[in-house]
Protein chains: 2
Amino acid sequence: MTAPDAADLKRDQILAAASRVIAERGYHATNIADIARELGAGHGTFYRYFKNKHDIAVQAVDRAMRRIAEALADEPPEVATSLDEYRAQVTRIAHRLFDLVIAEPVVARLFFFEAAAINRERAERFHAALDDLGSFTAAYIRNGQRRGFLRAEVDPEVIGLALNGVILAGAARMLRVSDPAAERDRWVDSVLTLMFHGLAS
Amino acid sequence: MTAPDAADLKRDQILAAASRVIAERGYHATNIADIARELGAGHGTFYRYFKNKHDIAVQAVDRAMRRIAEALADEPPEVATSLDEYRAQVTRIAHRLFDLVIAEPVVARLFFFEAAAINRERAERFHAALDDLGSFTAAYIRNGQRRGFLRAEVDPEVIGLALNGVILAGAARMLRVSDPAAERDRWVDSVLTLMFHGLAS
DNA sequence: GCGAGCAGAATGACACGTCATTCCGTGAGC
DNA sequence: GCTCACGGAATGACGTGTCATTCTGCTCGC
């Protein structure tokens with residue numbers, strides 16, 4: 001192993017340890033000694049690889065954000081040509097996202113809870129990321145409106161942001177129940193019905 | 001003015017100052033000196049009325065929670081007998097809640113952003129409060145299902161929590177735009193359409 | 001192969017800054 | 001004069017970050 005590789009590995013180990021501790025305790029209740037203990041290393045080692053506490057938290061959160069963004073790739077908004085295709089797309093996206101929450105709770109906790117918690121600037125950045133996600137969803141709505149399979153009278157931007165809220169609520173739920181896979185299925189069923197057909201009987 | 005009244009007034013003034021500062025800066029970035037400055041008082045005065053920083057934040061947040069809960073009173077879940085009545089109820093609730101967010105941004109910020117931020121125990125309490133709100137909404141869904149005007153196949157608990165997510169997303173939005181009243185109207189229109197009739201055309 | 005020297009990684013004691021909380025002198029009201 | 005509320009300086013706890021020291025692995029010369 002060459003020196004750059006060994007340093008990268010060490011850096012990743014520290015970042016993973018920090019991610020676990022911050023996800024578990026929250027950023028503000030985490031201190032450097034906690035991270036060092038989780039790593040099984042000395043306190044000052046940390047500063048060889050990261051500038052300070054803020055730096056590592058930002059990097060942990062940004063990595064979690066990238067991980068979430070990956071889960072949303074491969075589903076281009078303009079390809080669905082019918083309600084069934086769009087519904088299948090939403091089903092895949094929902095499963096992928098909720099499965100990520102279940103499989104990688106540290107990533108989920110960092111994204112959904114800690115990303116806004118570090119300071120005000122990071123909260124704004126998190127909200128901007130949610131706005132991007134909402135705009136991404138709005139692009140699907142507009143595609144469906146253009147092709148005629150989604151209703152024209154709703155505001156795509158509002159629906160995009162509202163569905164963000166549903167995702168956040170679902171993810172928070174899935175992080176807290178004893179059988180997250182069953183909870184995911186309950187959510188996907190009911191939320192898709194709500195989303196496409198509404199509550200009116 | 002009697003001594004208890006004067007002390008209560010002073011206490012309320014401190015609590016209001018703290019609420020403003022915490023809502024503006026966030027709990028963790030707020031210090032006692034900031035609150036004292038906002039109040040135009042000495043630093044140590046604070047401790048004559050509140051135990052410590054945590055105590056005042058908890059009281060500010062709990063007061064905001066009570067304020068939100070008041071906005072939801074007077075809409076009993078079992079009274080709607082038709083879709084139109086329920087829709088009117090939801091419209092009133094949505095307006096009342098979003099109008100509160102617009103009129104009292106300090107209350108809204110404390111509830112939606114700071115309630116979970118203080119520490120882990122308070123985050124759990126916030127989630128429990130959201131669960132209660134979700135259960136309250138689920139009671140409306142069950143009433144509609146029982147009476148036949150809402151579809152039977154959705155899970156009321158899931159829908160209750162999902163609509164929580166929509167409320168949170170809407171509130172966050174309304175706290176950030178330049179014309180919140182216009183944004184509220186956009187939201188109420190589209191979200192009610194989504195909620196009752198879905199997106200399918 | 002062994003030992004010495006070197007470079008860089010690791011460590012943890014310590015310095016420092018911050019801020020929550022306490023304390024005490026002062027002034028106002030009774 | 002006495003009591004109590006107040007203001008702000010003082011205090012001490014705590015966490016972050018620094019740096020002197022030690023450790024370890026590698027290379028080179030004998």
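Just so it is clear: chains get the letters A, B, ... in the order the sequence lines come, proteins before strands, and each one is counted from 1.
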Got a sec, which pairs hit salt bridge (charged side-chain N to carboxylate O under 4.0 Å, His left out) with one end in residues 109-118 of chain A, sequence neighbours left out?
A:Glu114-B:Arg120
Donor-acceptor list for residues 13-25 of chain B side chains, cut-off 3.5 Å, not counting sequence neighbours:
from: B:Ser19; atom 1: OG; to: B:Leu15; atom 2: O; distance (Å): 2.8
from: B:Arg20; atom 1: NE; to: B:Glu38; atom 2: OE2; distance (Å): 2.6
from: B:Arg20; atom 1: NH2; to: B:Glu38; atom 2: OE2; distance (Å): 3.0
from: B:Arg25; atom 1: NE; to: B:Ala29; atom 2: O; distance (Å): 3.2
from: B:Arg25; atom 1: NE; to: B:Asp34; atom 2: OD2; distance (Å): 3.4
from: B:Arg25; atom 1: NH2; to: B:Ala29; atom 2: O; distance (Å): 3.2

Would you mind writing out the side-chain donor-acceptor pairs for residues 166-179 of chain B within the sub-3.5 Å range, not counting sequence neighbours?
from: B:Arg173; atom 1: NE; to: B:Glu183; atom 2: OE2; distance (Å): 3.3
from: B:Arg176; atom 1: NH2; to: A:Asp131; atom 2: OD2; distance (Å): 3.1
from: B:Asp179; atom 1: OD1; to: B:Ala182; atom 2: N; distance (Å): 3.4

Residue pairs passing the salt bridge (charged side-chain N to carboxylate O under 4.0 Å, His left out) test with at least one member in residues 55-66 of chain B, sequence neighbours excluded, are B:Asp62-B:Arg122
Tabulate protein N/O versus nucleotide N/O from nucleotides 21-24 of chain D, keeping only pairs under 3.5 Å, one per line.
none

Per the ring pair (Phe, Tyr, Trp, His ring centres under 6.0 Å) rule, what does the pair list look like for residues 53-79 of chain A, sequence neighbours excluded?
none
Do any side-chain nitrogens or oxygens of B:Tyr49 fall under 4.0 Å of OP1 or OP2 in D:dC6?
yes
Tell me, please, whether A:Tyr27 has A:Lys53 positioned over its six-membered ring: NZ or CZ under 6.0 Å from the ring centre and within 45 degrees of its axis?
yes
Base-contact (B) and sugar-phosphate-only (S) positions in nucleotides 12-30 of chain C, heavy-atom cut-off under 4.0 Å, - elsewhere
B-------SBB--------
Residue pairs, two or more places apart or on separate chains, that pass ring pair (Phe, Tyr, Trp, His ring centres under 6.0 Å) and touch residues 115-147 of chain A
A:Tyr86-A:Tyr140, A:Phe111-A:Phe126, A:His127-B:Phe113, A:Phe136-A:Tyr140
Which whole-number value in Å describes the distance from A:Arg11 CZ to C:dA9 C1'?
16 Å
Any salt bridge (charged side-chain N to carboxylate O under 4.0 Å, His left out) pairs touching residues 76-104 of chain A, not counting sequence neighbours?
A:Arg67-A:Glu104, A:Glu75-A:Arg92, A:Glu75-A:Arg96, A:Asp99-A:Arg184
